[in-house]
Trainee: 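First the structure, then my questions, so here it is.
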Amino acid sequence: MNLNKLSVVVFVGPVSLLKTSLLNSTLLFTTLLITTLFITTTYASERWPAGHKVAISLSYDDALNSQLDNALPALNQRDLKASFYVVPLSQAFKNRIEEWKQVAKQGHELGNHTLFHACDRSKPGREWVDPLNALNEKTVSDMLNEITVANTLLTAIDGYTTHTLTPPCFDQMTKDGNYIDAVKDQFIGIKSLDEPSFAVLLTAADISAQEIIAFIEKQPKNIKLINVLFHGIGGDHLVTSTLEHTKLLDYLVANQDKYWVDTYRNIKLAQTNINIPSTEGKE
């Protein structure tokens, strides 16, 4: 697995006017940001904490305003690190990019959630998916290009060349195959694809802290990684209230002897014991 290779992407063939405009602006954005990138080659490694703690990965999808306004301050007040899976072309990301840069500098992870957040429109209840952005109408090549550009953007923003992915809607199938097979070598971890004997995942929305805690506490001893995935915190969509979110964070702080809360990237690095440059993401 080549974790430190940046790929040059060439878009070939006809695309819609919307896609062309978005891709052109994204490539320009990448060019402007990449000029600030500087990575050195000294090495360090993440290690699983002593005591064989269970790892907790808190993640927040879609780069939402409520995450910056509500989730991030609550995490920082408790010195808990989390992963934010961003959509670089979303308004909340583009309009607040300096704040997202600070998220990374504070020790949180900016993860790949693809460039356009394509989901399968053919599934029930998916009328909200833009027909121009339907995963079931895209190709594996489309998704490979989008995800590679998103990784390049993330590296330009935070300096990291080691990434993780959360597939939007957990969908994988394009009209000509499974795109995860084509992109998996770009990532050290992909949410929802961990070994089920090692990790579990809970998508939290309109759920109480006590329900999340009960899910955490009922896991068998072989489970060493518990993923809790949020979207909106006190606003936006698929909302978890700020109160319930705070209660969960307080529980995790009070039980640090049992649980190791960190970014998904750090947890996966510790699991696989892969080294990365120690100065990645630092100035």
Side-chain angles (χ1 to χ4, degrees), residues 1-7 39 43-49 52-63 67 75 80-88 103-104 107-115 117 143-144 146-155 157-172 178-204 216 219 222-231 252 259-278 280-281:
M1 183 184 298
N2 188 346
L3 297 175
N4 296 312
K5 180 179 180 182
L6 295 180
S7 299
I39 299 173
Y43 286 85
S45 63
E46 295 294 337
R47 301 287 181 180
W48 206 275
H52 307 288
K53 292 182 179 181
V54 173
I56 305 284
S57 169
L58 303 176
S59 61
Y60 303 80
D61 284 7
D62 298 350
Q67 295 167 2
L75 290 164
L80 296 175
K81 304 307 178 187
S83 299
F84 292 82
Y85 288 89
V86 301
V87 181
V103 170
H108 304 286
E109 176 187 5
L110 297 184
N112 195 319
H113 204 36
T114 77
L115 200 58
H117 197 285
M143 294 307 297
L144 175 61
E146 290 182 22
I147 286 172
T148 305
V149 169
N151 269 346
T152 305
L153 280 167
L154 291 175
T155 297
I157 291 166
D158 66 15
Y160 282 94
T161 58
T162 307
H163 304 288
T164 67
L165 170 73
T166 296
C169 305
F170 300 123
D171 295 336
Q172 301 181 30
N178 188 324
Y179 77 86
I180 297 298
D181 293 336
V183 304
K184 62 185 179 182
D185 286 345
Q186 296 190 40
F187 300 101
I188 192 172
I190 299 177
K191 289 247 178 181
S192 77
L193 296 182
D194 288 307
E195 287 293 331
S197 61
F198 177 80
V200 293
L201 186 149
L202 173 69
T203 300
I216 291 172
Q219 297 306 318
N222 60 288
I223 296 299
K224 296 300 181 184
L225 169 56
I226 300 172
N227 295 285
V228 183
L229 189 155
F230 298 98
H231 288 81
L252 294 174
Y259 306 119
W260 168 40
V261 181
D262 209 334
T263 67
Y264 186 56
R265 173 172 52 213
N266 284 347
I267 293 167
K268 296 301 290 184
L269 285 167
Q271 180 190 352
T272 55
N273 195 25
I274 292 175
N275 291 335
I276 60 171
S278 61
E280 282 192 346

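Position 1 is the first residue of the sequence; numbering continues from there.
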Trainee: In Å, rounded to the nearest 0.5 Å, how long is the span from CD of Glu109 to CG of Asp158?
Mentor: 8.5 Å

Trainee: List the steps, then state whether side-chain contact (heavy atoms from CB on, under 4.5 Å) holds for Asn112 with Thr164.
Mentor: CA-CA 6 Å; Asn112 195 319; Thr164 67; over 6 Å; no

Trainee: Within the distance-only criterion (no hydrogens, no angle test), does the side chain of Trp48 pair as donor or acceptor with the backbone N or O of Lys53 below 3.5 angstrom?
Mentor: yes

Trainee: Please enumerate all residues that pass ring pair (Phe, Tyr, Trp, His ring centres under 6.0 Å) together with Tyr179, with sequence neighbours excluded.
Mentor: none

Trainee: Does His117 reach the side chain of Asp62, with side-chain heavy atoms less than 4.5 Å apart?
Mentor: yes

Trainee: Where is the tightest heavy-atom contact between Phe170 and Thr203, given as atom of each residue plus distance?
Mentor: CE1-OG1, 3.9 Å

Trainee: Does Gln219 form a side-chain contact (heavy atoms from CB on, under 4.5 Å) with Ile226? I'd like the steps, not just the answer.
Mentor: CA-CA 9 Å; Gln219 297 306 318; Ile226 300 172; 3.8 Å; yes

Trainee: Taking the side chain as every heavy atom from C-beta outward, state whether Gln186 and Thr148 have any pair of such atoms under 4.5 Å apart.
Mentor: yes

Trainee: On the 0 to 90° scale, with breaks at 30° and 60°, tag the Tyr60-Phe84 ring pair as parallel, tilted or perpendicular.
Mentor: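 Because their plane-to-plane angle is under 30°, the rings of Tyr60 and Phe84 count as parallel.
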
Trainee: State which residue, out of Ile147, Leu165, Thr166, Leu154, fulfils the side chain to side chain contact (heavy atoms under 4.5 Å, CB included) condition with His113.
Mentor: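 By the side chain to side chain contact (heavy atoms under 4.5 Å, CB included) criterion, His113 pairs with just one of Ile147, Leu165, Thr166, Leu154: Thr166.
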
Trainee: Is the shortest heavy-atom distance from the side chain of Met143 to the side chain of Val183 under 4.5 Å?
Mentor: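 No, every pair of side-chain atoms sits at 4.5 Å or beyond.
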
Trainee: Taking the side chain as every heavy atom from C-beta outward, state whether Val228 and Ser59 have any pair of such atoms under 4.5 Å apart.
Mentor: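 No, their side chains stay 4.5 Å or more apart.
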
Trainee: So, for Lys191 and Tyr85, which heavy atoms are closest and what is the spacing to 0.1 Å?
Mentor: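 So the two residues come closest at CE-OH, 3.8 Å.
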
Trainee: Kindly give the heavy-atom pair with the smallest separation between Lys81 and Val261, and that separation in Å.
Mentor: O-CG1, 3.8 Å

Trainee: After noting the C-alpha distance and the side-chain angles of Phe187 and Thr162, does the key distance pass the side-chain contact (heavy atoms from CB on, under 4.5 Å) rule?
Mentor: CA-CA 7 Å; Phe187 300 101; Thr162 307; over 6 Å; no

Trainee: If you round to the nearest 0.5 Å, how far is CG of Asp61 from OG of Ser83?
Mentor: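 Between Ser83 OG and Asp61 CG, I get 10.0 Å after rounding to 0.5 Å.
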
Trainee: Just jot down the side chain to side chain donor-acceptor pair (under 3.5 Å) partners of Gln67, sequence neighbours excluded, or say none.
Mentor: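 Listed in chain order: nothing, the list is empty.
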
Trainee: Do you know which two heavy atoms are closest between Val87 and Ala63, and how far apart they sit?
Mentor: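 Minimum heavy-atom separation between Val87 and Ala63: N-CB, 3.9 Å.
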
Trainee: Can you find a heavy atom in the side chain of Leu225 that is under 4.5 Å from one in the side chain of Ser57?
Mentor: yes

Trainee: If you round to the nearest 0.5 Å, how far is CG of Leu269 from CZ of Arg47?
Mentor: 11.0 Å

Trainee: Between Leu80 and Asp262, is there a side-chain heavy-atom distance shorter than 4.5 Å?
Mentor: no

Trainee: Within this structure, what is the CD1-CD distance for the pair Ile190 and Gln172, rounded to the nearest 0.5 Å?
Mentor: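 Ile190 CD1 to Gln172 CD: 8.0 Å, rounded to 0.5 Å.
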
Trainee: Taking the side chain as C-beta and beyond, is there a heavy-atom pair between Tyr160 and Leu110 under 4.5 Å?
Mentor: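 No - every pair of side-chain heavy atoms lies 4.5 Å or more apart.
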
Trainee: Please list every donor-acceptor pair under 3.5 Å in which a side-chain atom of residues 194-202 meets a protein atom from a residue at least two apart or in another chain.
Mentor:
from, atom 1, to, atom 2, distance (Å)
Asp194, OD1, Tyr264, OH, 3.1
Asp194, OD1, Lys268, NZ, 2.6
Asp194, OD2, Tyr264, OH, 2.9

Trainee: Supply the atom-to-atom distance Leu58 CG to His108 NE2, rounded to the nearest 0.5 angstrom.
Mentor: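 If we round to the nearest 0.5 Å, Leu58:CG and His108:NE2 are 10.5 Å apart.
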
Trainee: Please give me the minimum heavy-atom distance between Ile267 and Ile56, naming the atom from each residue.
Mentor: CD1-O, 3.8 Å

Trainee: For the residue pair Gly107 and Thr263, what are the closest heavy atoms and their distance?
Mentor: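 Heavy-atom minimum between the residues: O-CG2, 3.6 Å.
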
Trainee: Got Pro167 and Thr114 here, is their nearest side-chain heavy-atom distance under 4.5 Å?
Mentor: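 Pro167 vs Thr114: side chains apart.
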
